[in-house]
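Notes follow the structure.
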Amino acid sequence: MKPTDLGAPDYLHKVVDCQWACPAHTPVPEYIRLIAAGRYADAYAVNWRSNVFPGILGRVCDRPCEPACRRGRVEEQPVAICRLKRVAADLKGDITDRLPQPPQQKNGRRIACIGAGPASMTVARDLAVLGYQVTVFDSGTSAGGMMRSQIPKFRLPDSVIDEECGYIEGLGVEVRLNHWVGSLREMLAGNWDAIFVGTGAPRGRDADLPGRQEAAANIHLGIDWLANVAFGHATRIGRRVLVLGGGNTAMDCCRSARRLGGEDVQVVVRSGFDEMKASPWEKEEAIHEGIPIHNFLVPLEFVHDGGRLTGVRFDKVRAEYDAKGRRNLVPTGEPAVLMPCDDVLVAIGQENSFPWIERDIGVEFDRWDMPVLDAKTLQSTRPNVFFGGDAAFGPKNIITAVAQGHEAAISIDRFCHGQEVATRPAPLTNLVSQKMGIHEWSYANDVSEERRRKMPVRDLPATLGDVRLELELGFDVELACKEAARCLNCDVATVFTPRACIECDACVDICPSECITFTADGEEAELRQRLKAPATNIEQSLYVADGLKTGRIMVKDENVCVHCGMCSERCPTGAWDMQKFALHVAHAGAEVTPA
């Protein structure tokens, strides 16, 4: 096999599974160590560079990092990465002196961001510190976009959004609120050097069923209803509520309905429970709050009495899969199910809506009425127009919107300087030994046997009585330290120097996960099977080193290594070393230092 090149950034990056899985590539182990050391402001700063909204994402992130967490391979539950992010935000204190200052001299270029959601605000943050005059336009009364309008206040208080959007406005970004953009052509006439479109996916999908129009007064589109709740326009709902849909919006709808007077709130989903798009913890919270979830029911009609909604009729289905694994929902033939209700919340998906973008100005759209974009640069077919967030490729999540905002900011910066937009700056990387003595390291390498800590929450009757009362209380210092200790420090890599190895097999004998093998070379598929423990995860590369005196190779299965450092401590010649790998994805303006 070809020896591993540790100088290639992606190899060790993939070993840090949590950071690799994060769309914004936040250095997770680094900020967790800072939290364990009580350096909360430093941990917040690490987060702020990458994900822009640590306090927000510490509450409502979709957590793609956690399923990837190496801890989940040695026990059932991963590290509570999202919860720890919130710890840094809650305990950081005043960090204004750590933020970059807007340059006194602007660079003369003007950028318009349409929509004040996470993608646009990320673009604004990255470009403002480079001297761009960035103006954000939004039809709302406050910045935040869908973070403010579609996420219930009991999950994400306005104060957190105000604070973190305020940091961006403090960089000299102008936010024009109550400003509806009705024409991109008119915006282009404003002599902007570039325009970024971050308007999200603002249109909820409707359920076009018999009875929909007749009973319209009590049938509400989920995202519109959540916005009405967020801004105080909707303050009550009927006693019996049905929520149609199985995503996170449906979970937010049903939990909000419970808090607005819904005594009998039920969720009805077409798919099976495990196939629901909602995050597992969102489903758990709904069930904990006494909301049943019914699966494999397809709505047939809204039942009404003279225009007064009385229920919804459903067809029972089952899932069948074809030879390619594609699912079909097939009627079971059982009688239809009638579920009585007073109100229905339809949360079956969101769609993009671009009626304000004229089709003759050079911005092309595909057959799904989505903008034609370069997937990496986010540049449209009109070179000075860029997209990001849900407006780019459809509904995803906040952290994806942030990541796309970073990429779009790089593209805009390069475009404005006449550079090739497709050429992307390389990440900043470093690899440094953690030795502090013969067998001492600059980090704690004991593998904690603690179980994942549960989030403290308010008393359920109290929170169900107030749609704005935050349910989760956050970790205190003690809980934060115990949870942080569960991190396996995956960014501290085991680095092997073949010429120093005497092939004594001491590392092989002491390795608790049996991930090290000294063996003859061979083809990868065959080699994986004859390691000390077969390496079955082909998604993660093997660490291969040659140059041993016997002609054998050293092979380490990165998939099961727990970074305990025992191989380095046991090695009599220092052939193994623990070296911290740092990777910071390049951003436009990210390396600007505070004034």
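As a basis for the values below, the full set of heavy atoms in this structure was taken, side chains included, without hydrogen atoms, waters or symmetry mates.
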Taken to the nearest 0.5 Å, the spacing of Ile35 CD1 from Asn47 CG works out to 7.0 Å

Using only atom types and a distance under 3.5 Å, with no angle test, would you say the side chain of Ser380 pairs donor to acceptor with the backbone of Val385? yes

The single option from Met276, Lys283, Glu282 that satisfies side-chain contact (heavy atoms from CB on, under 4.5 Å) with Asn248 is Glu282

Mark yes or no for whether Gln579, through its side chain, and Val495, through its backbone, hold a donor-acceptor pair below 3.5 Å.
no

Practice problem: Answer whether the closest heavy-atom distance between the side chains of Tyr167 and Ile95 falls below 4.5 Å. | Solution: yes

* Asked: Counting only heavy atoms not in Arg468, do more than 12 fall under 6.0 Å of its CZ?
  -> yes

Rounded to the nearest 0.5 Å, the CG atom of Leu583 sits from the CD atom of Gln19 at a distance of 5.5 Å

Closest non-hydrogen contact found for Leu127 with Ala409 is CD2-O, 3.5 Å

(message) What I'd like to find out is whether the side chain of Arg71 reaches to under 4.5 Å of the side chain of Arg452, using heavy atoms alone.
(response) no

**Asked** Does Val52 offer a backbone N or O that forms a donor-acceptor pair with the side chain of Glu164 under 3.5 Å?
**Response** no

Side chains of Lys153 and Asp158: does their closest heavy-atom pair fall under 4.5 Å?
-> yes

Here the ring pair (Phe, Tyr, Trp, His ring centres under 6.0 Å) pairs for residues 12-36, sequence neighbours left out, are His13-Trp20, His13-His25

Practice task
Evaluate the criterion salt bridge (charged side-chain N to carboxylate O under 4.0 Å, His left out) for residue pair Glu284 and Lys454; output intermediate values, then yes/no.
Solution key: CA-CA 13 Å; Glu284 290 171 8; Lys454 291 185 178 181; over 6 Å; no

Practice task
Given side chain to side chain contact (heavy atoms under 4.5 Å, CB included), test Val585 with His406 step by step and report yes or no.
Solution key: CA-CA 10 Å; Val585 176; His406 285 315; over 6 Å; no

**Prompt:** Any side-chain donor-acceptor pair under 3.5 Å between Arg424 and Ser411?
**Reply:** yes

- Message: Checking the side chain of His563 only, and the main-chain atoms of Asp491 only, is there a donor and an acceptor separated by less than 3.5 Å?
- Response: no

Checking side chain to side chain contact (heavy atoms under 4.5 Å, CB included) for the pair Arg39/Arg33: CA distance, chi angles, key distance, verdict?
CA-CA 9 Å; Arg39 296 168 57 185; Arg33 278 191 298 271; over 6 Å; no

Checklist entry - Taking the side chain from Asn352 and the backbone from Gly200, do they hold a donor-acceptor pair closer than 3.5 Å? => result yes

Distance-only donor-acceptor check, side chains Asn191 and Arg110, under 3.5 Å
no

>> Tell me if a side-chain donor or acceptor on Gln434 pairs with a main-chain N or O of Tyr443 at a distance below 3.5 Å.
In response: no

*asked:* When you compare the side chain of Cys18 with that of Cys490, does any pair of heavy atoms fall below 4.5 Å?
replied: no

Looking only at heavy atoms, the pair that brings Ala286 and Cys254 closest together is CB-SG, 4.0 Å

Heavy-atom nearest pair, Ala41 first then Arg98, reads CB-NE, 3.5 Å

Within 6.0 Å of NZ in Lys277, more than 12 heavy atoms from elsewhere
no

Validation row: Thr141, Asn178 side chains within 4.5 angstrom (heavy atoms):
yes

Taken in chain and number order and not counting sequence neighbours, the residues that satisfy side chain to side chain donor-acceptor pair (under 3.5 Å) with Ser448 are none

Margin query: Tell me if a side-chain donor or acceptor on Asn51 pairs with a main-chain N or O of Ile399 at a distance below 3.5 Å.
Written below: no

Handout entry: Flag side-chain contact, heavy atom, 4.5 Å: Val175 against Asp138
Key = no

All N/O donor-acceptor pairs, side-chain side in residues 416-423, below 3.5 Å, sequence neighbours left out:
from   : atom 1 : to     : atom 2 : distance (Å)
His417 : ND1    : Asp413 : O      : 2.8
His417 : ND1    : Asp413 : OD1    : 3.3
Glu420 : OE2    : Ala422 : N      : 3.4

**OP:** Please answer whether the main-chain N or O of Cys82 pairs with a side-chain N or O of Glu66 as donor and acceptor at a distance below 3.5 Å.
**Re:** yes

Checklist line | Residues Glu470, Arg86: salt bridge by 4.0 Å N-O rule | finding: yes

Between the CG atom in Leu428 and the NE2 atom in His587, the distance rounded to the nearest 0.5 Å is 10.0 Å

Which of Leu57, Val402, Asp62 passes side-chain contact (heavy atoms from CB on, under 4.5 Å) with Asn397? Answer is Asp62

Note, Val197 side chain near Trp356 side chain (heavy atom, < 4.5 Å):
yes

Over 60° means perpendicular and under 30° means parallel, so tell me whether Tyr11 and Tyr543 are parallel, tilted or perpendicular. tilted

Exactly one candidate in Phe393, Phe354, Phe386 meets side-chain contact (heavy atoms from CB on, under 4.5 Å) with Pro371; the answer is Phe354

To the nearest 0.5 Å, atom OG of Ser433 lies from atom CH2 of Trp441 at 6.5 Å

d(Asp10 CG, Asp5 CG) to nearest 0.5 Å is 11.0 Å

Exercise. Under 3.5 Å, side chain of Arg125 to main-chain N/O of Arg49, donor-acceptor pair present?
Worked result: yes

Heavy-atom nearest pair, Gly388 first then Gln404, reads C-OE1, 3.7 Å

Rounded to the nearest 0.5 Å, the CG atom of Asp90 sits from the NZ atom of Lys85 at a distance of 13.0 Å

Exercise. With a 4.5 Å heavy-atom cut-off, do Asp126 and Ile412 have their side chains touching?
Worked result: no

Residues at least two apart in sequence or cross-chain that pass side chain to side chain donor-acceptor pair (under 3.5 Å) with Arg453, listed by chain then number, are Glu450

Here the ring pair (Phe, Tyr, Trp, His ring centres under 6.0 Å) pairs for residues 97-143, sequence neighbours left out, are Phe137-His179, Phe137-Trp192

Tightest non-hydrogen contact, residues Val562 and Arg70, listed as CA-CD, 4.4 Å

Per salt bridge (charged side-chain N to carboxylate O under 4.0 Å, His left out), Glu472 is matched among Arg83, Arg155, Arg59 by Arg83

Next item on the list: Step by step, work out the side chain to side chain contact (heavy atoms under 4.5 Å, CB included) result for Asp17 and Gln540.
Entry: CA-CA 10 Å; Asp17 302 271; Gln540 197 147 42; 3.1 Å; yes

Query - Check against salt bridge (charged side-chain N to carboxylate O under 4.0 Å, His left out), Lys14 and Glu558 - result: CA-CA 9 Å; Lys14 286 182 180 180; Glu558 297 283 21; over 6 Å; no

Heavy-atom closest pair (Met370 atom, Asp390 atom, distance to 0.1 Å) is CE-O, 4.4 Å

Next on the checklist: Quick check against the 3.5 Å criterion: does Lys482 have a side-chain atom that pairs as donor or acceptor with the backbone of Leu479?
Outcome noted: no

By salt bridge (Lys or Arg N to Asp or Glu O under 4.0 Å), Lys376 pairs with (sequence neighbours left out) Glu407

